[in-house]
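Whatever order the structure lists them in is the order used to number ligands and atoms, beginning at 1. From a predicted model like this one, the values you see are computed outputs, not experimental measurements.
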Amino acid sequence: MSRLPLRLRLTAAFGLAMAVLLTAAGFLLSDHLGTSLDRTVAQGLRARAADISALVKQADTGLQESGLRSDGFAQVLDLRGKIVDHTPGLTESLLATAQLQRAKSGPLLVQRTTLSEGTVRLLAQPVSAQDRRLVVVVGTPLESRDAALATLRTELLVGGPIGLLVASVIGYLLAAAALRPVDRMRARAAAISANRLSERLPVARSHDEVSRLGDTLNEMLTRLETAMERERSFVADASHELRTPLAHLQAEVELALETPRTRGQLETALREVGIETDRLSQLAADLLLLARSDKGKLPLRLDDVALDELLGGVAARFDRRARDDRRRFEVNVPHIHVRVDRLRLEQALGNLVENSLRHGAGTIRLSATADDGMLDLHVADDGPGFPAGFAPHAFERFSRAEQSRGEGGTGLGLAIVAAIASAHGGEADVVASARGADVRLRIPRSVSQRQAPEPPRRRQTNGDPRQLRSSPAT
Ligand SMILES: Nc1ncnc2c1ncn2[C@@H]1O[C@H](COP(=O)(O)OP(=O)(O)OP(=O)(O)O)[C@@H](O)[C@H]1O
Ligand SMILES: [Mg+2]
């Protein structure tokens with residue numbers, strides 16, 4: 001059954017239900033007609049019995065002469081069963097002895113088959129006349145009642161299957177019409193491939209379940225297309241970013257091999273090669289982190305961390321570079337303990353400080369506030385801030401404001417900050433402040449361990465992962 005097309009299964013179920021309904025309706029109808037015909041017959045018999053009883057009381061029934069065969073026949077019996085009077089031709093008692101006994105005490109309705117009349121219905125009722133107790137029996141043939149019932153049953157037997165067939169055909173056509181849009185969607189969906197994700201399923205404007213299914217599937221296609229688009233541009237951007245240091249490496253090595261070089265020149269070339277290799281491994285580590293975060297599998301190693309110590313450590317790490325640029329740090333953090341991944345948070349804050357050093361100006365302010373279970377970490381500076389309209393895109397991968405394009409960054413720093421915030425169950429955003437840049441990391445004070453313990457982190461060229469993005473990028 002489950003292999004049959006849906007429209008056939010629907011039609012079969014519909015047909016079956018109709019068959020049950022029609023059969024039940026047929027039975028009810030014929031039963032109802034039978035009952036009402038019986039009631040009419042009984043009423044006629046009662047009226048005739050009353051008439052004849054009245055005549056019996058007047059001592060003259062005149063049944064012999066009545067000859068009324070059209071509305072039935074009658075007999076008057078005494079209590080021993082002897083016929084006192086009868087309509088013509090009824091010379092035998094209509095009642096058996098037992099029936100006569102029962103009829104003495106009250107009206108009795110019986111049915112029997114006679115040779116001359118076929119099936120008949122009889123009403124017997126006692127009557128007292130001139131000190132005699134008699135029983136009046138009236139009867140009527142059931143021929144016309146049975147004929148009416150038989151006609152109805154024949155009509156039902158012929159009309160029922162025809163009705164069932166018509167209903168099933170209509171059911172099939174309706175099911176086919178309702179499922180046609182589904183079939184069209186299926187055909188289009190089968191034709192949509194990864195390269196044609198911009199196509200959409202045809203959706204009828206009927207606002208029913210099928211059109212809602214189509215709308216939902218189309219929304220899913222839009223999400224898939226966006227994700228695929230993002231993936232493609234991510235891969236394209238990543239390859240582009242990888243190409244630059246690789247080209248530098250190649251040029252350095254070729255140059256070193258081309259001409260005889262002094263030891264000093266070779267050392268300089270090797271140092272350049274080292275810088276480019278660092279850049280490459282840093283880029284690879286960033287891409288790996290983002291790929292893990294995409295899968296929701298950026299593992300956290302949660303620790304009880306003193307917040308002032310954490311932010312103070314970040315400031316100390318960049319202090320030398322800041323002083324070289326004649327800049328300074330201002331750290332304003334309460335002494336509270338939070339449960340976070342220390343290294344990841346240091347990495348995120350390091351990226352923000354790096355940005356302030358590279359894109360901002362003036363004092364770099366690290367601050368933190370904690371309330372109702374949430375922790376706000378700010379890294380702000382007095383530079384030009386995020387260009388108007390760029391802030392909402394700043395956390396996208398490889399996104400850099402126009403004026404930062406020549407500055408050597410890859411545009412992954414803030415994307416990594418956002419990924420780390422999200423792994424902690426929080427978020428990162430740019431605070432719309434009047435002057436300078438202010439990036440906020442908002443995470444729960446006590447992050448719940450959502451992932452399995454992290455396997456040992458791979459060591460980078462310069463060891464500690466907190467150093468990952470702290471080395472000069474240029
Ligand atoms: N403190 C800041 N002041 C002004 N602009 C900023 C600041 N921080 C970030 N930006 C802007 O946001 C862009 C994205 O920053 P992001 O850290 O993601 O990339 P990046 O610094 O250019 O490169 P990298 O991948 O090396 O960090 C920057 O290119 C810059 O235009
Ligand atoms: Mg950056």
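When every heavy atom of V379 is checked against every heavy atom of S356, the shortest pair comes out as CG1-OG, 3.9 Å.
Under 2.8 Å from the Mg ion (ligand 2) lies an N/O/S atom of N355, whether from backbone or side chain.
Between P387 and ligand 1, no pair of N/O atoms sits closer than 3.5 Å. At under 3.5 Å, a nitrogen or oxygen of L412, whether backbone or side chain, sits near a nitrogen or oxygen of ligand 1. Where the criterion is an N or O separation shorter than 3.5 Å, residue side chain and backbone included, R400 fails it with respect to ligand 1. The shortest N or O to N or O distance between G360 and ligand 1 is not under 3.5 Å. Of the N or O atoms in G413, one or more lie within a sub-3.5 Å distance of an N or O in ligand 1.
Under the 4.5 Å side-chain criterion, counting only non-hydrogen atoms from C-beta, N355 is not in contact with V439. The shortest distance between side-chain heavy atoms of V120 and Q111 does not fall below 4.5 Å.
Contact annotation: for R358 versus ligand 1, heavy atoms closer than 4.0 Å belong to the side chain alone. With a 4.0 Å cut-off on non-hydrogen atoms, S399 touches ligand 1 through its backbone and not its side chain. The parts of A401 lying near ligand 1 are both backbone and side chain, judged by heavy-atom distances below 4.0 Å.
Ring geometry for F386 versus F390: interplanar angle under 30°, hence parallel rather than tilted (30 to 60°).
Listed by number with element, the atoms of ligand 1 under 4.0 Å from a non-hydrogen atom of F390 are 11 (C), 12 (O), 13 (C). Short contacts between ligand 1 and A437, defined as distances under 4.0 Å to a heavy atom of the residue, involve ligand atoms 1 (N), 2 (C), 3 (N). Counting atoms of ligand 1 from 1 in the listed order, those under 4.0 Å from a heavy atom of D381 are 1 (N). Atom numbering of ligand 1 starts at 1 in the shown order; those under 4.0 Å from a heavy atom of G385 are 4 (C), 5 (N).
Between G383 and ligand 1 there is no heavy-atom distance shorter than 4.0 Å.
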Inset, instruction - Would you please test H335 and L307 for side-chain contact (heavy atoms from CB on, under 4.5 Å) and show each step? - result: CA-CA 6 Å; H335 178 70; L307 204 55; over 6 Å; no
Inset, instruction - Take D304 and H337 through the side chain to side chain donor-acceptor pair (under 3.5 Å) test and state the conclusion after the steps. - result: CA-CA 6 Å; D304 235 17; H337 280 257; 4.6 Å; no
Inset, instruction - Verify salt bridge (charged side-chain N to carboxylate O under 4.0 Å, His left out) between R397 and D237, making sure each step is shown before the conclusion. - result: CA-CA 9 Å; R397 286 148 198 204; D237 288 337; over 6 Å; no
Inset, instruction - Could you go through the ring pair (Phe, Tyr, Trp, His ring centres under 6.0 Å) check for F234 and F398 one step at a time? - result: CA-CA 8 Å; F234 183 58; F398 298 108; 5.7 Å; yes
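Once rounded to the nearest 0.5 Å, the distance linking CG of L249 with CZ of R279 reads 10.5 Å.
No hydrogens or angles considered: a donor-acceptor pair under 3.5 Å links the side chains of R344 and Q347.
When the heavy-atom distances from atom 19 (O) of ligand 1 to G411, A391, P384 are ranked, the shortest goes to G411.
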